[in-house]
2 protein chains.
Amino acid sequence: MRADAQSRPVRADAQRNRARILAAAEEVFADGGPRASTEEVARRAGVAIGTVFRHFPTKTDLLRALMKQLLEQVTADAAALLAHGDTATALFEFFAQLVRRTAANRTVVSLLGAEGLDVPIAGPVTSLTDAVRELLARGQRAGAIRADVRLDEVMALLESLCQGALQRGWDEDLRERTLGIVFAGLRTPVSSRS
Amino acid sequence: MRADAQSRPVRADAQRNRARILAAAEEVFADGGPRASTEEVARRAGVAIGTVFRHFPTKTDLLRALMKQLLEQVTADAAALLAHGDTATALFEFFAQLVRRTAANRTVVSLLGAEGLDVPIAGPVTSLTDAVRELLARGQRAGAIRADVRLDEVMALLESLCQGALQRGWDEDLRERTLGIVFAGLRTPVSSRS
DNA sequence: GGACAAGATGAGTCTCCACTCATTATCGTC
DNA sequence: GACGATAATGAGTGGAGACTCATCTTGTCC
């Protein structure tokens with residue numbers, strides 16, 4: 001494996017460590033949030049702290065790498081639903097999936113507009129937005145989602161519910177019921193409107 | 001003004017400073033979040049740092065005092081609506097009011113289940129919850145809100161939307177439209193359900 | 001299996017921030 | 001206006017955590 005045509009290959013131990021660090025960071029930040037220390041990540045990865053900083057020169061870089069990885073997974077979920085899901089309800093399924101994933105992974109908090117630390121992630125967000133746009137359009141074409149619902153509203157709800165799902169005291173049941181209300185608001189009503 | 005039957009009055013400068021500190025803290029934490037430094041609060045209050053700590057022995061105490069103050073305002077809003085508002089839509093009005101207030105005041109983030117720091121505020125939350133319970137019950141009795149909506153769901157939505165409203169890029173317009181969707185989900189449908 | 005560059009190590013630095021305390025200033029009272 | 005209690009001051013302390021770097025180790029290539 002060559003990193004570049006005129007450079008040497010990336011050493012095997014370096015690749016291994018990079019992977020270990022990412023995995024450890026996922027766990028550590030999952031419970032503890034982005035305020036958890038880099039030292040803790042190093043400890044859980046079984047690596048010295050200098051090694052973490054060799055791979056990710058800044059804590060923000062590490063967070064960004066995690067974000068990117070998660071966004072890719074989530075975007076893949078969306079793509080799968082676009083390919084195989086029921087057109088009418090694919091958006092709801094995706095919505096529920098994302099919130100569920102977030103609930104299990106505090107780091108995603110910063111997903112669409114970081115909070116405590118600044119974690120710029122412009123690129124990956126775009127593809128997620130694209131996927132949601134398509135999911136929304138299909139639901140609307142199928143008549144399942146109100147025609148006047150806009151993309152930014154869906155993204156805003158997604159963001160809000162992901163944030164909410166992180167709070168203490170949200171169990172799975174409450175999460176599903178709350179999502180149910182939001183979905184009812186998105187769904188095409190038979191007649192009443194205001 | 002006597003603090004207690006057998007103690008001396010609270011000195012005028014002390015009262016003044018306490019008020020100044022609270023006001024400054026509101027501003028400072030409003031932009032900067034709860035991670036803003038106590039030193040900054042002191043500076044904006046025009047007071048030495050030791051004075052801040054005399055009034056609020058701990059940063060958490062200061063945050064808690066702010067929370068309490070805000071919860072009292074919000075609970076007062078709810079009480080006003082209970083007394084004079086339109087029964088059917090009072091909950092929606094209150095909901096919108098609270099989210100709006102939050103958008104202008106980052107500190108409220110930690111309102112119903114603190115994030116970064118731990119800011120226990122058991123008592124004041126109870127009275128807020130009570131007010132929302134009553135608002136919800138009235139809306140349901142009036143037939144404006146679905147009968148199967150539960151209090152914890154409303155609180156969860158409130159929490160989520162307040163969190164969401166803090167994100168960058170939420171302007172007033174988006175906020176109102178997003179709330180509109182949630183309200184549609186809470187409203188009694190004329191016929192369709194799923 | 002030797003040479004050497006890439007990588008790992010972890011004690012140490014630096015900065016930031018919550019919190020303390022000896023000293024000084026101010027208020028309320030007589 | 002003097003006196004004692006209360007409060008304000010701000011340099012200082014302690015600890016946490018991001019980041020560095022001189023030194024040692026290991027993988028890769030011939």
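Just so you know, these numbers come straight off a predicted model, no measurement behind them. For the numbers below, each heavy atom of this structure counts, side chains included, while hydrogens, waters and symmetry mates do not. Quick note on labels: first sequence line is chain A, next is B, and so on, each numbered from 1.
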- Query: Touch check for A:Thr38, heavy atoms < 4.0 angstrom, all strands: base, sugar-phosphate only, or nothing?
  - Reply: sugar-phosphate
- Take atom CZ of B:Arg20 and atom P of D:dA7, then tell me their distance rounded to the nearest Å. 16 Å
- Is the distance from OP1 or OP2 of D:dA8 to the nearest side-chain N or O of B:His55 less than 4.0 Å? yes
- Residue A:Ala12, side-chain heavy atoms: nucleotide from D:dG27, C:dT29, C:dG10 that is nearest: D:dG27
- Task: Side chain of A:Phe53 only, please: which of D:dA11, C:dA18, D:dT20 is the nearest?
- Result: D:dT20
- Do we see a donor-acceptor contact under 3.5 Å between the side chains of A:Gln163 and B:Glu159? no
- Taking atom types as modelled, is there a side-chain donor on A:Arg101 or A:Gln73 under 3.5 Å from an acceptor on the other? yes
- 5' precedence on DNA chain C between B:Ala36 and A:Ala14 (nearest-nucleotide basis): A:Ala14
- Message: Measure CD/B:Glu40 against P/D:dG10 and give the value in whole Å, please.
- Response: 16 Å
- Query: Does A:Arg64 come within less than 4.0 Å of A:Asp61, counting only side-chain N to carboxylate O?
  - Reply: yes
- Message: Checking contacts here: which listed nucleotide (D:dT20, C:dA18, C:dA8) is nearest the side-chain heavy atoms of A:Asp13?
- Response: C:dA8
- Indicate, with a heavy-atom threshold strictly under 4.0 Å, whether B:Ser37 touches base, sugar-phosphate, or nothing. sugar-phosphate
- Message: Side chain of A:Ala48, heavy atoms from C-beta onward: which of C:dG28, C:dC19, C:dG10 has the nearest atom to it?
- Response: C:dG10
- Query: Are A:Arg100 and A:Glu176 within salt-bridge range, i.e. N to O under 4.0 Å?
  - Reply: yes
- Message: As a test of reading the structure: which of C:dG7, D:dG10, D:dC19 is closest to the side chain of A:Arg11, going by heavy atoms?
- Response: C:dG7
- So does A:Asn17 get a side-chain nitrogen or oxygen closer than 4.0 Å to the phosphate oxygens (OP1/OP2) of C:dG7? no
